[in-house]
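Notes to accompany the following structure.
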Amino acid sequence: MTESDFIPKRYTKLIDKGSVSWSSPSNIALVKYWGKKKDQIPENPSISFTLSDCKTITTICFSKKEKQEEFSFEIYLDAEKKDDFKPKIETFFKRVEVYLPFLKTYHFKIETSNTFPHSSGIASSASGMSALACCLMSVEKALNPEISEAFFMQKASFLARLGSGSACRSLEGDLVVWGYHDEIDGSSDLYGTKYPFDVHNNFKNYQDTILLVDKGEKQVSSTIGHNLMHGHPFAKERFKQASKNLSGVIPVFKKGDLDAFIKIVEIEALTLHAMMMTSMPYFILMKPNTLEIINKIWVFREKTNSKVCFTLDAGANVHVLYPENETESVLKFIKNELVAYCQNGHYICDKIGFGAKQL
Ligand code: DP6
């Protein structure tokens, strides 16, 4: 598939108005996307667990308007009008207009809400942009009912990527690859694809407890962070390492080798942060409590032979990952030893999930 395959030829139906709703989850990268080229093309392939409970729910009501010169939309978060979200959506609409030529035909009322608190420091761009992309694809499907389910999801992922790179990995479950990799059939820089190989039962219902160390606004936006990889002294090696780590997870998923899984996931998280620490300008995105948590996890693992591990986003919060059969013991450990390092003691329990759903 190329970009031009996503430009529709013609619509077969005329519709004046309608309403569509989708829910779409967040995802957590195991091999990280960090660095992009023009048009949201990733510098390296990445893979993520789709989450289950951290979701965005979006409804779009669309109605035909008279003039078709400009985009026309309003946006609400939790029933509150959010004009400050408009520039982001306007930029997104401009980027995807060629692929969705109906965008200027309708006025859109976009109503959105998240199942996780807005101020939790959990990025809502992956769930938000993927939910929006699915809604827009439902409008397109109303105009062209022939669209197949497979194409629907592929194009929704393609559009979500143009909104926020990692969003293209939220459409399906439970493991999604984005970015071309020669060992992964069907992988593409343009959209996410379901991980096509065997996944051992050890990874079934894998748990992710998100420890909210810092609920504030991100210190560095991901766009700025990605840009810091241009001309970064270690960029080339980093992109090679990500591809190698993606090759590395294939036998890990097949055999259920949790020790090898931990090594790849943790080095990926630390490398992401190392890239930020060694860029110009440089940033430390961890907080002292992030480090405390990491050390506690390492001590707990050493002591108990647990397979718990951590990963990080481009921020201070810690995702604690562990197999389902350790849920009780790890939650006990979190409550006893880690909650003290969370802001206001807050954490969110999530697990691997199945992707976007039409409501
Ligand atoms: C650290 O997808 O938020 O979470 O494409 O600029 O919207 P944009 O970036 P974004 O970057 C996410 C980076 C990451 C790693 C990952 O999810 O792979």
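Counting starts at 1 for both ligands and their atoms, in listed order. Numbers for residues simply follow the sequence, beginning at 1.
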Applying the salt bridge (charged side-chain N to carboxylate O under 4.0 Å, His left out) criterion to K351, which one of D53, D208, D174 satisfies it?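 Looking at D53, D208, D174, the match for K351 under the salt bridge (charged side-chain N to carboxylate O under 4.0 Å, His left out) is D53.
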With sequence neighbours left out, which residue pairs that include part of residues 8-26 fulfil the salt bridge (Lys or Arg N to Asp or Glu O under 4.0 Å) condition?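 Found none.
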Contact list for residues 123-149, test salt bridge (Lys or Arg N to Asp or Glu O under 4.0 Å), sequence neighbours left out: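 Pairs touching residues 123-149 that pass the test: E140-K155.
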Please report the shortest heavy-atom distance between I15 and Y106, naming the atom on each side.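 Heavy-atom minimum between the residues: O-OH, 2.7 Å.
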At their closest point, which heavy atom of L258 faces which heavy atom of K307, and how far apart are they?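 Answer, listing the atom of L258 first, then K307: CD1-CG, 3.7 Å.
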For residues 164-171, dump all side-chain donor-acceptor pairs below 3.5 Å to protein atoms at least two apart in sequence or in another chain.
unit_1	atom_1	unit_2	atom_2	d
S164	OG	S125	OG	3.3
R169	NE	N27	OD1	3.4
R169	NE	S48	OG	2.8
R169	NH1	S46	OG	2.8
R169	NH2	N27	OD1	2.8
S170	OG	P25	O	2.7
S170	OG	N27	ND2	2.9

Dump the pairs for me: ligand 1 N or O, protein N or O, distance under 3.5 Å, to 0.1 Å.
unit_1	atom_1	unit_2	atom_2	d
ligand 1	2 (O)	S164	OG	3.2
ligand 1	2 (O)	S166	N	2.8
ligand 1	2 (O)	S166	OG	2.7
ligand 1	3 (O)	S222	OG	2.9
ligand 1	5 (O)	Y33	OH	2.6
ligand 1	5 (O)	K36	NZ	3.4
ligand 1	5 (O)	Q40	NE2	3.3
ligand 1	5 (O)	G165	N	2.7
ligand 1	6 (O)	K36	NZ	2.7
ligand 1	7 (O)	S164	OG	2.7
ligand 1	9 (O)	H226	NE2	3.0
ligand 1	11 (O)	H226	NE2	3.0
ligand 1	17 (O)	R169	NH2	2.7
ligand 1	18 (O)	Y33	N	2.9
ligand 1	18 (O)	R169	NH1	3.0
ligand 1	18 (O)	R169	NH2	3.2

